[in-house]
Amino acid sequence: MLFLKRTLATTALAGALVLGASGAFAETVLHRGNAGEPQTLDYAHISISIEGFIVKDLLEGLTIYDAAGKIVPGAAESWTISDDGTVYTFKIRDNAKWSDGTPVTAADFEFAMHRVEDPKTAAEYANILYPIKNAEKVNKGELPIDQLGVKAVDDKTFQITLERPTPFFLQLLAHYTALPISKANFEKFGDQYIKPGNMVSNGAYKLQAHVPNDTLTVVKNDQYWDAANVKIDKVIFYPIDDDAASVRRFEAKEMDLVYNFSADQIKRLRESYGEQVHVSPALATYYYTFDTREAPYSDVRVRTALSMAVDRDFLASEIYSGAQLPAYHLVPPGMEGYGEGAVPDWASLSQIDREDKAIALMKEAGYGEGAKPLSIEIRYNTNANHERVATAVADMWKNTFGANVSLVNLDVASHYAYLQEGGKFNVARAGWSADYADPENFLALNISTNKTFNYAKYNSPEFDKLMQQSYEEKDPAKRMDLMKQAEALISRDQPIAPLMNSADLWLVSSRISGWVDNSVNEHLSKFLSVSE
């Protein structure tokens, strides 16, 4: 299969070069490594970055992130905000069109948001739009859909009413959950609207072909309002979760972009490719989550002891070659107004002292030497870096507690699908990158009613209450303080073990122009160009 992929890629690249030689018929092609196969392109049901990269090339929200990661107008050319901060009124561009030539209307946005919050859709990410008035009640079936606080005032005016002022709301609208759907097209094809030939786009590109586990091809959307400034004609996404294979194809000049390559290659790659190697600090946290539903992980002493025994400095410096930083708190640094989140008391101890206390705590829980044996299964998504982390953590737990540790891995889509659907586990790798630069985006993962992303099934009424109070608090400083109190409970209860604050690793060919590293890891193909 690898040979087949390489042959296809080489053929495509050669085709582009031949076309490039023909002048007026030149076609520019971006070959984009994408670290895994998407579960779906239905943006009511996607949740990971490799899906977002594709979908955001196809669809455009009211706002978007520019090349530098700043919020700018997208399908909406402008907006106004009421004095009390609860009513947003958007002016949709007059020349915004779907790829079938029909106009993008406010009704398309209204329809899409109704669909996302409709409990029948079971959208995993519906909660991200809960700041919209009545969204949570609608999503839980407590109010009819027509009570959702969104309204198509006329064809080009879309109004959203919020429950309360939400400082990061324009960032939420750049999220894939807030993308529009052509109402007419969805009514024609239903859930099959995402198939090539059915799907229409309002973004810079439209879907041409999708061969699962091989390639996904998008081509320039000539109906896009800003088509004149889109420089790349075709983007081919390669869903390769084998890091080494991705790097080899980059080195063979078969791929222009590679996402999330193996960190132990950083030094070698930098020596060979210099500035083509990008290590970009991210608003992201790498963590392990415990299944708190079942013993022994239902015991906070066991969770805390396991977390204490992980040498985060080793993981960051040896596994990731300094490309990540040790972390003891869920909310990463860099959130305006938040400062540093709460860390457990033991974080200030030396690793040797932590391990001594961890052994004592584990014994108190009845496990370890002279007590009940401890068997642990670590699940992770297929990736060389994650494998090395899991192997190192397994050794730490074996050496500290005499635990019997086994490893299980699945491809990225299957791994997260398993966790989101509530599959039982012991310990699982997870990570979270900011959808918007606010601590709430990380802390909300642990709210008991968050059925999709609360993998640990953490259930703390005290935590839930603090988060609810933060939603109702209008004073920015008091709101941040409430969230800090909530994070202190996470540090105390350890339903998750934060391990590292992440960096995004990219290989960017010198053929590419327009690339800007940014902390939100947003890189729309429309901002890039390719030289031969």
Side-chain angles (χ1 to χ4, degrees), residues 285-319 324-331 340-380 388-408 424-430 446 455-463 484-501:
T285 301
Y286 186 124
Y287 63 94
Y288 273 11
T289 178
F290 302 105
D291 189 340
T292 65
R293 293 168 293 187
E294 305 224 354
Y297 311 99
S298 54
D299 189 329
V300 64
R301 294 171 297 183
V302 171
R303 299 194 300 268
T304 302
L306 291 172
S307 183
M308 291 171 73
V310 175
D311 185 343
R312 292 153 170 84
D313 293 304
F314 177 86
L315 299 181
S317 62
E318 299 300 324
I319 305 293
Q324 310 231 5
L325 295 173
Y328 301 88
H329 45 74
L330 175 60
V331 179
E340 186 171 346
V343 298
D345 293 340
W346 47 262
S348 60
L349 301 176
S350 69
Q351 188 59 37
I352 292 176
D353 288 342
R354 279 182 216 156
E355 291 169 8
D356 289 342
K357 287 183 175 294
I359 291 169
L361 196 58
M362 191 65 84
K363 283 186 176 178
E364 184 182 312
Y367 292 89
E369 187 177 354
K372 287 183 284 188
L374 190 62
S375 295
I376 307 170
E377 181 184 86
I378 301 176
R379 305 181 69 96
Y380 63 94
R388 284 194 291 275
V389 168
T391 301
V393 172
D395 285 342
M396 294 169 193
W397 287 344
K398 288 175 185 174
N399 294 333
T400 306
F401 306 114
N404 177 28
V405 187
S406 59
L407 308 182
V408 173
K424 296 287 181 65
F425 64 97
N426 297 159
V427 183
R429 191 209 85 83
N446 297 281
Y455 308 136
K457 305 305 176 190
Y458 180 55
N459 188 347
S460 168
E462 187 180 6
F463 177 84
K484 277 196 171 186
Q485 293 179 50
E487 186 169 21
L489 298 181
I490 298 296
S491 291
R492 183 194 70 185
D493 296 342
Q494 293 288 302
I496 64 167
L499 300 181
M500 291 170 281
N501 292 134

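Residue K424 holds its NZ atom at 5.5 Å from CZ of R293, rounded to the nearest 0.5 Å. Atom CG of N426 and atom CZ of R379 lie 9.0 Å apart (nearest 0.5 Å). Going from atom CE of M308 over to atom NZ of K357 covers 7.0 Å, rounded to the nearest 0.5 Å. To the nearest 0.5 Å, atoms CG (D311) and CD (E355) are separated by 7.0 Å. Put simply, CG on L407 and CD1 on I376 are 11.0 Å apart, with the number rounded to the nearest 0.5 Å. To the nearest 0.5 Å, atoms CD (E318) and CG (D313) are separated by 10.0 Å.
One N or O on the side chain of D299 and one on the backbone of R301 form a donor-acceptor pair closer than 3.5 Å. In terms of modelled atom types and a separation under 3.5 Å, the side chain of T289 and the main chain of A428 share no donor-acceptor contact. The backbone N or O of V310 lies less than 3.5 Å from a partner atom in the side chain of R312, making a donor-acceptor pair. In this structure, E487 contributes its side chain and H329 its backbone to no donor-acceptor pair below 3.5 Å.
Inter-residue side-chain proximity for Y455 and D291 is flagged as unmet; no heavy-atom pair is nearer than 4.5 Å. In this structure, Y328 and S491 have side chains that are not in contact, with every pair of non-hydrogen atoms separated by 4.5 Å or more. Under the 4.5 Å side-chain criterion, counting only non-hydrogen atoms from C-beta, T400 is not in contact with M362. Under the 4.5 Å side-chain criterion, counting only non-hydrogen atoms from C-beta, L306 is not in contact with Y288. Annotation: side chain of R492 is in contact with side chain of E462 (closest heavy-atom distance under 4.5 Å). For the pair N404/P373, no side-chain contact is recorded, criterion being any heavy-atom separation below 4.5 Å from C-beta on. Y286 is listed as a side-chain neighbour of V389, based on a closest heavy-atom distance under 4.5 Å. At a threshold of 4.5 Å between non-hydrogen side-chain atoms, the residues N446 and L489 do not count as touching.
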Review point. Given F314 and Q351, is the side chain to side chain contact (heavy atoms under 4.5 Å, CB included) satisfied, shown in steps?
Key: CA-CA 10 Å; F314 177 86; Q351 188 59 37; over 6 Å; no
Check your understanding: When you look at L361 and W346, which way does the side chain to side chain contact (heavy atoms under 4.5 Å, CB included) test go after all the steps?
Key -> CA-CA 12 Å; L361 196 58; W346 47 262; over 6 Å; no
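By the 30° and 60° cut-offs, the orientation of the rings of Y297 relative to F290 is parallel.
Between I378 and A390, the shortest heavy-atom contact is CD1-O, 3.9 Å. In terms of heavy atoms, A394 sits closest to V405 at CB-CG1, 3.5 Å. Taking both residues in full, the closest heavy atoms of D493 and R303 are given as O-NH2, 2.9 Å, listed atom of the first, atom of the second, then distance. Pairing each heavy atom of A456 with each of T292, the nearest pair is O-OG1, 2.5 Å.
In this model, no donor atom of one side chain and acceptor atom of the other lie less than 3.5 Å apart for R354 and S307.
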